[in-house]
Amino acid sequence: MAGTRILSIVGRKDAGKTTLAVALAKEFTRRKRRVMTIKHATHAAQMDREGTDSWRHFHEGGAERVVLACPEQRYILEQRPDDHDPIALARRYLDGADIVLVEGFKAAPLPKVEIWRRAVGGTPLVLEPGADADRWVALLTDDRSLQAPCRVLNVNDTMWMQLLANLIWDHAKVITT
């Protein structure tokens with residue numbers, strides 16, 4: 001069995017992590033891969049509205065887990081402490097994925113792609129003291145002069161998406177679910 005590939009997309013606030021994750025998901029889907037994603041949030045999120053049946057099951061009833069089954073979608077609400085382990089989350093919820101794109105979890109022991117834009121400022125995470133640069137597969141940027149201890153791709157070059165997708169496929173961590 002080939003296993004599931006998993007990789008984290010990291011970057012500073014407003015750098016474009018979600019936009020990149022969506023574009024990569026679309027590219028891997030175009031390549032006929034089963035793509036699943038994990039989004040790490042630093043604050044509590046609420047998927048359904050107060051007063052709906054699923055909200056009442058979860059919040060008023062205190063159900064540990066609620067599955068909201070719709071004709072074309074399914075939502076799972078679960079009350080568990082976040083263990084900050086994207087590999088455990090992928091194993092638990094994303095069985096059958098060819099690739100799992102994780103947005104965030106920058107401290108997780110996963111290969112990483114960073115997006116960094118000049119307009120956001122600061123330095124790329126890969127260049128910060130203590131960063132494990134060996135985990136970075138690539139740094140995607142709009143700054144042609146930027147150098148890093150990993151592959152640097154420029155968003156203004158042609159074919160950067162195809163090259164990045166190939167790099168991710170080749171360097172993502174393989175796990176069994």
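The first residue in the sequence is number 1, and the count goes up from there.
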**Request:** Of all the heavy-atom pairs spanning G104 and V10, show the shortest one and how long it is.
**Result:** O-CG1, 3.9 Å

**Complete:** Smallest heavy-atom separation, A15 atom then I115 atom, equals CB-O, 3.5 Å

**Complete:** Separation between CG (L140) and CG (N154), nearest 0.5 Å, reads 8.0 Å

**Expected output: side-chain Q79 to main-chain A63 donor-acceptor under 3.5 Å** = yes

**Fill in**
Shortest non-hydrogen pair, W136 vs C150, comes out as O-CB, 3.6 Å

**Request:** Please report the shortest heavy-atom distance between M161 and A23, naming the atom on each side.
**Result:** CE-CB, 3.4 Å

**Message:** If hydrophobic clusters are built by linking Ile, Leu, Val, Met, Phe, Trp and Tyr wherever their side-chain heavy atoms come under 4.5 Å apart, do V137 and L139 end up in the same one?
**Reply:** no

**Request:** Work out which heavy atom in A138 is nearest to a heavy atom in L167; give both atom names and the distance.
**Result:** CB-CD1, 4.4 Å

**Request:** Evaluate the side-chain proximity of P111 to K173: yes if any heavy-atom separation is below 4.5 Å, no if none is.
**Result:** yes

**Message:** Please tell me whether L7 and I87 are part of a single hydrophobic cluster in this structure, the criterion being side-chain heavy atoms less than 4.5 Å apart.
**Reply:** no

**Request:** State, yes or no, whether a side-chain contact exists between V113 and L20 at a heavy-atom distance under 4.5 Å.
**Result:** yes

**Message:** Before you tell me yes or no, could you show the steps for R151 and L163 under side chain to side chain contact (heavy atoms under 4.5 Å, CB included), namely the whole-Å CA-CA distance, both residues' side-chain angles and the distance that decides it to 0.1 Å?
**Reply:** CA-CA 11 Å; R151 186 76 179 259; L163 179 56; 3.4 Å; yes

**Item:** Lys/Arg-Asp/Glu bridge criterion (N-O < 4.0 Å) met for D53, R56
**Value:** no

**Request:** Answer yes or no: does atom CD of E128 have more than 12 heavy-atom neighbours from other residues, nucleotides or ligands under 6.0 Å?
**Result:** yes

**Prompt:** How far apart are the C-alpha atoms of D143 and S145, what are their side-chain angles, what is the distance that settles it, and do they pass the side chain to side chain donor-acceptor pair (under 3.5 Å) test?
**Reply:** CA-CA 6 Å; D143 185 346; S145 67; 2.7 Å; yes

**Message:** Quick check: do P86 and H40 have side-chain heavy atoms less than 4.5 Å from each other?
**Reply:** no

**Message:** Tell me whether the count of non-hydrogen atoms from other residues, nucleotides or ligands lying under 6.0 Å of NZ in K39 goes above 12.
**Reply:** yes

**Item:** From D170 atom CG to R5 atom CZ, the distance as rounded to the nearest 0.5 Å
**Value:** 7.5 Å

**Between CD1 on residue I168 and NZ on residue K112, distance to nearest 0.5 Å** = 13.0 Å

**Asked** Is the backbone of V155 close enough, under 3.5 Å, to the side chain of W160 for a donor and an acceptor to pair up by distance?
**Response** yes

**Item:** D98 side, atom CG; K32 side, atom NZ - distance, nearest 0.5 Å
**Value:** 12.5 Å

**Message:** Tell me whether the NZ or CZ atom of R33 lies within the 45° cone about the ring axis of W169 and under 6.0 Å from its centre.
**Reply:** yes

**V100 vs I175, side chain to side chain contact (heavy atoms under 4.5 Å, CB included): CA-CA, chis, key distance, verdict** = CA-CA 10 Å; V100 174; I175 62 169; over 6 Å; no

**Asked** When rounded to the nearest 0.5 angstrom, what is the spacing between CD1 in I6 and CG in L94?
**Response** 8.0 Å

**Approximate separation, where rounding is to 0.5 Å, of T176 OG1 and D95 CG** = 10.0 Å

**Request:** Give a yes or no on whether a salt bridge exists between R144 and D157, defined as a side-chain N under 4.0 angstrom from a carboxylate O.
**Result:** yes

**Considering all heavy atoms, the nearest V152-L146 contact** = CG1-O, 3.9 Å

**Asked** Would you call K17 and E103 a salt bridge, taking side-chain N to carboxylate O under 4.0 Å as the test?
**Response** no

**Item:** Flag, side chain of R12 to backbone of T123, donor-acceptor distance under 3.5 Å
**Value:** yes

**Prompt:** Quick one: are R49 and W55 in side-chain contact, heavy atoms under 4.5 Å?
**Reply:** no

**Prompt:** Going only through I, L, V, M, F, W and Y residues with side-chain contacts under 4.5 Å, is there a path from I99 to L164?
**Reply:** yes

**Asked** Any side-chain heavy-atom pair from F105 and I38 closer than 4.5 angstrom?
**Response** yes

**Prompt:** Between R74 and L68, is there a donor-acceptor pair closer than 3.5 Å when you use the side chain of the first and the backbone of the second?
**Reply:** no

**Request:** Let me see the working for E27 and Q162 under side chain to side chain contact (heavy atoms under 4.5 Å, CB included), right down to the final yes or no.
**Result:** CA-CA 8 Å; E27 175 62 20; Q162 290 76 18; 4.3 Å; yes

**Message:** I'd like to know if the side chain of T141 reaches the main chain of R117, judged simply by a donor and an acceptor atom lying under 3.5 Å from each other, with no hydrogens or angles considered.
**Reply:** no

**Message:** Can you confirm whether N166 sits close enough to R31 that some side-chain heavy atom of one is under 4.5 Å from a side-chain heavy atom of the other?
**Reply:** yes

**Asked** So L101 and V35, side chain to side chain contact (heavy atoms under 4.5 Å, CB included) or not? Walk me through it.
**Response** CA-CA 7 Å; L101 300 172; V35 180; 4.2 Å; yes

